[in-house]
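For reference, the structure discussed in these notes is given below.
So you know, we letter chains A, B, ... as the sequences are listed, proteins then strands, and number each from 1. Atoms considered below: every heavy atom in the structure, side chains included; atoms not considered: hydrogens, waters and symmetry mates.
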Amino acid sequence: MNYLEMEEMLKIIRRGCAEIISEAELREKIKPGVRLKIKYGADPSSPDIHLGHTVVLRKLRQLQEWGHTVQFLIGDFTGMIGDPTGRSTTRPPLSQEQIMLNAQTYQEQVFKILLPEQTEVVYNSAWCNAMNFTEVVRLAARYTVARIMERDDFEKRFREGRPIGLHELLYPLIQGYDSVVLKSDIELCGTDQIFNCLVARSLQQDFGQSPEVIIALPLLEGLDGVQKMSKSLGNYVGVTDPPQEMFGKLMSIPDNLMFKYFELLTDIELGSLEQIRRDLKANNLHPRKVKADMAGRIVSQYHGEKAAQLAVQEFDRIFRDRELPADIPEKIIAAANLKDGKIWIINLLYEMGLVATKAEGQRMVCQGAVLINQEKVIDHRQDVLIKNGLVVQIGKRKFGRIRIV
RNA sequence: GGACAGGUGGCCGAGCGGUCAAUGGCAACAGACUGUAAAUCUGUCGGGCGCAGCCCUACGUAGGUUCAAAUCCUUCCCUGUCCA
């Protein structure tokens, strides 16, 4: 590898990165013909991989394409503790079964991005469960309370008088110890994990190993544009979300987030991204179009070009042109609920499962959200005459076609 | 072990005997507008009842005082601060 190739490679690695600790060490490690071990720790607290995770996964994939091996670590042991990272409250621990179930779906989803033949899946319970109490205490002796408390979320919780479980302080150590066991050369993580990775470096040196290089990627804000994307906040796009939902969710991000999504979630060249930015500023390009382009590219990565196109068409049809979607799920209404072919509008919505409670149904009607065959229902006391095939709609996103049985 | 403070709706947070299904903010949902499930503005936001009303369940847990309790008392559980 000559100088230019090295620079080119580093440029690709740097794309979208928040921090590399350190680049000099990285240059040392990346040598032609050397297959590096690249660790990535996954937290199995939720079963779905979302686009936030893919920021790191995509970077791992890039490294795999240069021949390196990914150590995909499933933190089943740490899951039982509950990762305190970024949390202002203690996380409830998960049951063993739940973790294993999550780990399973994780693995299925992760290979939408990673290359399976260059991925080694490991569980940290394999060595953590084998440790006895003496070993745990000795490990704990390698670090100090002051250094652990440097961690932002601990420090903050402590200062604010919020509880911190003693076990939570152990979390960075365990995670660091994983790197020792795996003899990782590089670790990829989100910026919220940098502290843990630094502990890993320190422990590795203690154990006579060369410290891992940390490549930290930014945390992706979720659909609300403020909080980081996470399942528990419900502001995420799952990699298994159906094309249309994926597209819709991506269209709902605030405009100012488009470029970040472009950079971190698509392969668009940074040059053309700059061009888009200029065109947008000069009013040569409509923001909606840019966002749709971004969303379309991402959908096609997970569902293919054709599905993405369909999703775009469907989106325009429903939200821009205000027409009915192509596929409307059928909802069954028991004939026994009818009186002279009629049913109270509130009961209809409830029976169709379009509202969770009848009170909600009433609210929807009063707010003018309910349409039957495109016609607004005004009176919540109304009995409606129904027949097969009638389309009932609440708002812009809930549809059902009546089928009387 | 002791002293003190606190536990309220999905979250944050007011209320501290009746007018409390509980102010306000966030989130969510709906409407208007538009360029979208963006932004902005407006409204809704425990449940049941064919419903301008009535009823049920909710303010850590279990009891109690009272005509009346989220509000007062007691038990227990949980959290924090300080002292030991």
Syn or anti for C51(B) (syn when the glycosidic angle lies within 90° of 0): syn
Within the pair Arg317(A) and U36(B), is there a side-chain N or O less than 4.0 Å away from OP1 or OP2? no
Applying the 3.5 Å cut-off to both distances, the Watson-Crick or G-U partner of A52(B) turns out to be none
For U19(B), what is the paired nucleotide under Watson-Crick or G-U wobble rules, both distances under 3.5 Å? none
Is the distance from OP1 or OP2 of U44(B) to the nearest side-chain N or O of Arg363(A) less than 4.0 Å? no
If you assign Pro287(A) and Asn347(A) each to the RNA chain B nucleotide with the nearest heavy atom, which residue ends up on the more 5' nucleotide? Pro287(A)
Ignoring backbone atoms, test whether Lys358(A) places a side-chain nitrogen or oxygen under 4.0 Å from the OP1 or OP2 oxygen of C49(B). yes
Cation over ring, Arg320(A) on Phe315(A), under 6.0 Å and within 45°? no
Across the strands shown, which category fits Arg159(A) at heavy-atom distances under 4.0 angstrom: base, sugar-phosphate, nothing? nothing
With heavy atoms under 4.0 Å as the rule, sort Lys291(A) into base, sugar-phosphate or nothing. base
Watson-Crick or G-U counterpart of C29(B), or none if no pair lies under 3.5 Å: G43(B)
Would the base of G31(B) count as contacting Gln367(A) through its side chain, where contact means a donor and an acceptor less than 3.5 Å apart? no
Please give the nucleotide sitting opposite U36(B) as a Watson-Crick or G-U wobble pair, both distances under 3.5 Å, or none. none
Between the side chains of Gln301(A) and Thr266(A), does any donor sit under 3.5 Å from an acceptor? no
For the residue pair Ser210(A) and Lys29(A), confirm or rule out a side-chain donor-acceptor distance under 3.5 Å. yes
With distance as the sole test, does Arg201(A) use its side chain to make a donor-acceptor pair with the main-chain N or O of Glu212(A) at under 3.5 Å? yes
If I pick the P atom on U65(B) and the same atom on G1(B), what distance separates them, to the nearest angstrom? 31 Å
To the side chain of Glu245(A), which of G48(B), A37(B), A38(B) is closest? A37(B)
Let's test this: given Watson-Crick or G-U wobble pairing with both distances under 3.5 Å, identify the partner of A14(B). none
Spacing of the P atoms in C76(B) and G2(B) (rounded, Å): 11 Å
Counting N and O atoms only, with roles assigned by atom type, does the side chain of Gln71(A) sit under 3.5 Å from a partner on the main chain of Leu182(A), one being a donor and the other an acceptor? yes
Partner of A58(B) by Watson-Crick or G-U wobble geometry, both contacts under 3.5 Å, or none? none
Any-strand Watson-Crick or G-U partner of U65(B), both distances under 3.5 Å: none
Between C45(B) and G10(B), how far apart are the two C1' atoms, rounded to whole Å? 11 Å
Let's test this: given Watson-Crick or G-U wobble pairing with both distances under 3.5 Å, identify the partner of U81(B). A3(B)
When you check the phosphate oxygens OP1 and OP2 of C29(B), does a side-chain N or O of Lys398(A) lie under 4.0 Å from one of them? no
Please check the phosphate of G47(B) (OP1 and OP2 only) for any side-chain N or O of Thr357(A) closer than 4.0 Å. yes
